[in-house]
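These numbers come from the heavy atoms of this one structure, side chains and all, not from hydrogens, waters or symmetry mates.
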Amino acid sequence: STQSNGQSTWGAHRLRPSFFVKHGRDSNKMPALELVGKVIGTAMQKTVRVKVDRYYWDPLLKKLYKKHKNFMAHDEGEQCIVGDKVLIRECRPLSRNKHFTFSHWINKIPR
């Protein structure tokens with residue numbers, strides 16, 4: 001079949017939707033995951049361990065639960081100390097367990 005302007009519409013349903021079209025150099029990447037947590041360890045060089053708490057609601061028991069997970073994050077300047085509340089951002093894998101980098105402080109412990 002053809003449209004009024006003479007162009008064929010056969011296979012038009014197979015065209016990619018507009019949200020697949022690339023607009024820029026890195027537009028096909030997902031935004032980096034950002035997490036807020038508390039520094040619980042600084043024993044390694046240029047690496048900090050950050051505890052991230054998450055809360056979820058159980059609809060069956062109607063109860064709020066708290067879960068946590070520890071992440072390793074890269075701290076180039078070794079600026080963080082235990083107790084700091086920090087924001088970490090996802091990046092490429094830097095080692096076997098480290099795929100976050102320290103972004104900035106939320107609450108800084110007085111030095």
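Taken to the nearest 0.5 Å, the NE2 atom of His104 stands 12.0 Å off from the CD1 atom of Ile88. We find the NZ-CD1 distance between Lys85 and Ile109 to be 11.0 Å, quoted to the nearest 0.5 Å. For the atom pair CD1 of Ile40 and CG of Asn70, the computed distance is 4.0 Å after rounding to the nearest 0.5 Å. Here NZ of Lys62 is found 7.5 Å from CH2 of Trp57. Values are rounded to the nearest 0.5 Å. In this structure, CG in Leu94 is found 8.5 Å from OG1 in Thr47, a value given to the nearest 0.5 Å. The line from NZ of Lys69 to CG of Asp53 is 13.5 Å long, rounded to the nearest 0.5 Å.
Across every non-hydrogen atom of Thr42 and Cys80, the tightest pair is CG2-O, 3.7 Å. In terms of heavy atoms, Ala73 sits closest to Phe102 at CB-N, 4.3 Å. Annotation for Val86 and Ile106: closest pair C-CG1, 4.0 Å, computed over non-hydrogen atoms. Across Trp105 and Gln79, no two heavy atoms sit closer than the pair CH2-OE1, 3.2 Å. Closest approach of Arg89 to Ala32, counting heavy atoms only: CG-CB, 3.7 Å. The two atoms that bring Val36 and Val52 nearest to each other are O-CG1, 3.7 Å, heavy atoms only.
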| request: Step by step, work out the side chain to side chain donor-acceptor pair (under 3.5 Å) result for Lys98 and His74. | output: CA-CA 7 Å; Lys98 191 162 60 166; His74 185 68; 3.1 Å; yes

| So Arg54 and Leu35, side-chain contact (heavy atoms from CB on, under 4.5 Å) or not? Walk me through it. | CA-CA 10 Å; Arg54 294 180 186 223; Leu35 301 170; 3.4 Å; yes

| request: Please step through side-chain contact (heavy atoms from CB on, under 4.5 Å) for the pair His99 and Met72, ending with a clear verdict. | output: CA-CA 7 Å; His99 50 269; Met72 288 191 175; over 6 Å; no

| request: Step by step, work out the salt bridge (Lys or Arg N to Asp or Glu O under 4.0 Å) result for Arg111 and Asp84. | output: CA-CA 11 Å; Arg111 295 338 191 218; Asp84 285 346; 2.9 Å; yes

| task | Begin from the C-alpha positions of Glu78 and Lys46 and carry the test salt bridge (Lys or Arg N to Asp or Glu O under 4.0 Å) through to its verdict. | result | CA-CA 5 Å; Glu78 298 186 11; Lys46 298 186 180 182; over 6 Å; no

| task | Give the intermediate values and the outcome of side-chain contact (heavy atoms from CB on, under 4.5 Å) for residues Phe100 and Leu33. | result | CA-CA 9 Å; Phe100 283 87; Leu33 179 65; 4.2 Å; yes

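Ring geometry for Tyr65 versus Tyr56: interplanar angle under 30°, hence parallel rather than tilted (30 to 60°).
Transitive grouping of hydrophobic side chains (ILVMFWY, heavy atoms separated by less than 4.5 Å) brings Val48 and Phe71 into a common cluster.
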